[in-house]
Amino acid sequence: MTVRTRFAPSPTGYLHIGGARTALYCWLQARHHGGQFVLRIEDTDRERSTGDAVRAILEGMQWLGLDYDEGPVFQTGRLDRYRTVARGLLDAGKAYWAYETREQIEAMRAQAKARGEKPRYNGHYRELSAPFREDPNRVLRFKNPLSGSVVFEDAVKGRVEWRNEELDDLVLIRSDGYPTYNFAVVVDDVDMRITEVIRGDDHVNNTPRQINLYQALGAPLPRFAHLPMILGADGQKLSKRHGAVGVMQYREQGFLPEAILNYLVRLGWSHGDQEVFSRRQMVELFEIADVNQSASRFDMAKLSWLNQHYLRSTDPAVLAPELRWHLARDGLDPAAGPAAEDVIVALRERVHTLSEMAQRARVWFAPIAHWDEAAVDRHLRTPAAATALRALHTVLAQLPGWSPQAIHEALAATAEAHALKLGQLAQPLRVAITGTAVSPAIEHTVYLAGRREALARIEAALARTA
RNA sequence: GCUCCCAUCGUCUAGCGGUCCAGGACGUCGCCCUCUCAAGGCGAAAACACGAGUUCGAUUCUCGUUGGGAGCGCCA
């Protein structure tokens with residue numbers, strides 16, 4: 001049987017980091033086994049579902065490169081199907097209409113709680129066989145088995161057992177005629193022939209009642225896999241307080257999809273000591289049964305490290321458009337400076353994100369906005385600085401080629417000719433070009449400025465020497 | 001309150017009864033390299049939550065305690 005997995009987010013917000021990992025694992029499991037991956041949008045909550053959220057999810061999936069074979073399927077497009085299945089359950093005596101008001105249900109729960117039990121529905125209408133009536137409070141409830149227990153073998157958690165007494169008769173169809181989550185998921189997963197239901201830990205508690213539904217429908221059970229949660233750095237549930245939680249916000253912060261995926265795949269799954277996985281390797285090595293059972297914390301530092309790793313190992317030509325996007329976002333004209341590819345080569349070992357790269361690249365796309373006075377004092381206002389800069393001006397002006405290599409050689413030769421250490425030349429020059437004492441290797445710093453601008457900045461800096 | 005789940009360095013993890021006075025990675029600290037900052041190299045500090053049991057022997061198995069998480073909706 002071919003493996004079929006699905007990612008089924010509800011469109012009530014953007015695709016957050018936890019959802020992204022669930023999507024990744026579903027995708028990997030399908031790809032690893034040569035099966036199919038389905039995207040389903042669970043939009044039966046009419047109050048909170050929005051079109052913007054749908055777009056955000058699709059955009060996030062695309063950015064991460066998690067392609068699906070079927071979908072997106074919208075549950076609101078399948079309402080007739082849920083009603084048909086519900087009717088079947090009703091006719092088979094496996095479901096019944098109940099008419100309690102919300103207040104009555106609430107009172108029921110309060111009572112149960114007072115008795116030290118779980119708050120649940122007491123099954124009042126279950127055996128009443130009251131004649132059907134139109135009523136604004138009318139809901140269709142499932143006749144959950146009263147005794148026995150539900151046992152399932154979770155692919156990540158192992159054996160999980162639940163006594164039916166703990167479960168109450170869940171609502172299948174709401175008073176507004178829409179199906180509830182627990183009902184719609186089962187109908188969909190059955191109809192879509194999903195073989196492995198991979199989802200967040202927060203759904204384990206729903207699984208036994210869903211299994212009872214599968215059985216009432218006479219449908220084969222899929223394999224279940226519940227992924228442990230991803231917590232914030234403080235060990236608390238991820239929330240907006242933890243900074244960027246939407247996947248597209250990570251793009252804005254300058255992260256690469258490869259880094260996010262690599263980070264996520266290692267959060268709860270491992271393959272020996274290996275830390276870096278290409279997409280191919282993930283697909284090749286991933287197996288849902290190897291996923292950990294305990295929750296993990298989101299660690300920005302490690303993500304940053306991976307991001308830099310991919311910044312350094314990805315072809316600059318591939319990264320260039322993305323860097324230009326960040327430059328433009330910072331209000332700079334990507335065409336008003338050096339080639340993005342050259343900037344990437346110069347900076348990729350010094351930054352962790354593309355947005356940081358764009359910020360550091362500002363110095364080649366706009367005039368020096370701020371002079372680091374300490375650096376000026378230390379490297380420009382020295383007796384040797386003026387001499388050094390004048391010599392460099394001459395040399396650079398006459399340099400036959402304009403490349404980092406040529407500049408490097410010219411600097412080395414100049415240093416030698418004046419019996420100076422390279423640093424005595426490089427630091428004044430660095431301050432002259434950038435206004436600060438920190439920048440990429442001096443030959444790149446100069447090269448990126450372009451000959452014309454480099455000479456102009458040296459002249460301007462000369463005015464600042466003592 | 002009730003039910004379910006989880007528990008190895010700060011973080012992510014390896015470990016599937018002896019190979020572990022516990023290995024790797026990120027982070028931290030030190031040294032080297034060096035034109036600054038990085039990157040890189042080398043090195044260091046850093047963990048089996050606790051208590052019983054099973055066993056010749058437990059990080060590994062069982063139970064309990066503690067701690068954390070999830071759920072108990074006409075939300076998903």
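Numbers restart at 1 for each chain; the letters A, B, ... are given by sequence-line order, proteins then strands.
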Scanning all shown strands, the Watson-Crick or wobble mate of U28(B) with both distances under 3.5 Å is A44(B)
Which pair of non-hydrogen atoms, one from N307(A) and one from T353(A), has the smallest distance, and what is that distance? ND2-CA, 3.5 Å
Does a side-chain N or O of R109(A) approach OP1 or OP2 of C74(B) to a distance below 4.0 Å, or not? yes
Which part of the nucleic acid, if any, lies within contact of N292(A), taking any heavy atom under 4.0 Å across all strands shown: a base, the sugar-phosphate backbone alone, or nothing? sugar-phosphate
R312(A) side-chain N/O to G40(B) phosphate OP1/OP2 under 4.0 Å: yes
Could you measure between the two P atoms, the one in G41(B) and the one in C26(B), and give it in whole Å? 9 Å
Rounded P spacing from G30(B) to G68(B) in Å: 35 Å
In whole Å, what separates the C1' atom of C33(B) from that of G40(B)? 8 Å
On a plain distance test, is the side chain of S175(A) in donor-acceptor contact with the base of C74(B) below 3.5 Å? yes
Looking only at heavy atoms, what is the nearest atom pair of Q308(A) and E349(A), with distance? NE2-O, 3.1 Å
Give me the distance, rounded to whole Å, that separates A52(B) from G15(B) when you measure between the C1' atoms they each carry. 24 Å
Measure from the side-chain heavy atoms of S10(A) and tell me the nearest of A76(B), C35(B), A38(B). A76(B)
Which is true for G268(A) with a 4.0 Å heavy-atom rule: it touches a base, it touches only sugar-phosphate, or it touches nothing? sugar-phosphate
Taking any heavy-atom pair under 4.0 Å as a contact, classify R115(A): base, sugar-phosphate, or nothing. nothing
Less than 4.0 angstrom from a charged side-chain N to a carboxylate O is my criterion; do D188(A) and R81(A) meet it? no
Pairing partner (Watson-Crick or G-U wobble, both distances under 3.5 angstrom) of C4(B): G69(B)
NA contact type, E100(A), heavy-atom cut-off 4.0 Å: base, sugar-phosphate, or nothing? base
Counting only Watson-Crick or G-U wobble pairs whose two distances fall under 3.5 Å, which nucleotide matches C21(B)? none
When rounded to the nearest Å, what value does the distance between P atoms of C56(B) and G51(B) take? 22 Å
Only one of R141(A), R126(A), K143(A) passes side chain to side chain donor-acceptor pair (under 3.5 Å) with D169(A); say which it is. R126(A)
Restricting to non-hydrogen atoms, name the atom on A358(A) and the atom on D330(A) that form the minimum distance, rounded to 0.1 Å. CB-OD2, 3.6 Å
Counter-base of U54(B), judged by Watson-Crick or G-U geometry with both distances under 3.5 Å: none
So, is R297(A) close to the G10(B) phosphate, meaning a side-chain N or O under 4.0 Å from OP1 or OP2? no
Heavy atoms under 4.0 Å, any strand shown: does V139(A) hit a base, just sugar-phosphate, or nothing? base
Classify P208(A) by what it touches in the nucleic acid, base, sugar-phosphate, or nothing, heavy-atom distance under 4.0 Å. nothing
What's E443(A) touching, base or sugar-phosphate or nothing? Going by heavy atoms closer than 4.0 Å. base
Is it the case that the base of A76(B) and the side chain of N206(A) share a donor-acceptor contact (distance under 3.5 Å, atom types as modelled)? yes
If you look at every strand shown and take non-hydrogen atoms under 4.0 Å, does A301(A) touch a base, only sugar-phosphate, or nothing? sugar-phosphate
Heavy atoms under 4.0 Å, any strand shown: does R378(A) hit a base, just sugar-phosphate, or nothing? nothing
Out of A25(B), C37(B), C2(B), which has the shortest distance to the side chain of E275(A)? A25(B)
Any side-chain N or O of Q293(A) below 4.0 angstrom from OP1/OP2 of C6(B)? yes
Please give the nucleotide sitting opposite C74(B) as a Watson-Crick or G-U wobble pair, both distances under 3.5 Å, or none. none
Can you tell which of T207(A), T5(A), T22(A) makes a side chain to side chain donor-acceptor pair (under 3.5 Å) with R199(A)? T207(A)
In terms of heavy-atom contacts, W27(A) and L66(A) come closest through CD2-CD2, 3.7 Å
Measure centre to centre between the rings of H203(A) and Y181(A), then say whether the value is under 6.0 Å. yes
When you measure from every atom of RNA chain B, which of residues 256-267 of chain A have a heavy atom less than 4.0 Å away? R266(A), L267(A)
For K118(A), is there an ion pair with D168(A) - N to carboxylate O distance below 4.0 angstrom? no
Can you name the nearest heavy-atom pair linking S278(A) to Y310(A), along with the distance? N-OH, 4.4 Å
Can you tell me if S439(A) touches the phosphate of U36(B), counting only side-chain N or O atoms and a distance under 4.0 Å to OP1 or OP2? no
Under 4.0 Å, counting only non-hydrogen atoms across every strand here, what does T44(A) touch: a base, just sugar-phosphate, or nothing? sugar-phosphate
So what does H379(A) touch, heavy atoms closer than 4.0 Å: a base, only the sugar-phosphate, or nothing? nothing
Measure from CG on N182(A) to C1' on G71(B) and round the result to the nearest Å. 11 Å
If you measure from the P atom in G43(B) to the same atom in A25(B), how many Å do you get, rounded? 11 Å
Is there a side-chain polar atom (N or O) of S296(A) under 4.0 Å from OP1 or OP2 of U11(B)? no
Would you indicate what E42(A) reaches in the nucleic acid, counting non-hydrogen atoms under 4.0 angstrom: base, sugar-phosphate, or nothing? sugar-phosphate
Describe, in one word, how the ring planes of F224(A) and H226(A) are oriented to each other, choosing from parallel (under 30°), tilted (30 to 60°) and perpendicular (over 60°). parallel
For A70(B) versus G53(B), give the span between their C1' atoms, rounded off to a whole number of Å. 30 Å
Inter-nucleotide P distance (A49(B), A22(B)), Å rounded: 15 Å
Examine the base of G23(B) for any acceptor or donor lying under 3.5 Å from a partner atom in the side chain of D273(A), and report the outcome as yes or no. yes
Phosphate OP1/OP2 of G73(B) contacted by R102(A) side-chain N/O (<4.0 Å): no
Across all strands shown, which nucleotide pairs with U59(B) by Watson-Crick or G-U wobble geometry, both distances under 3.5 Å? none
Which is true for A441(A) with a 4.0 Å heavy-atom rule: it touches a base, it touches only sugar-phosphate, or it touches nothing? base
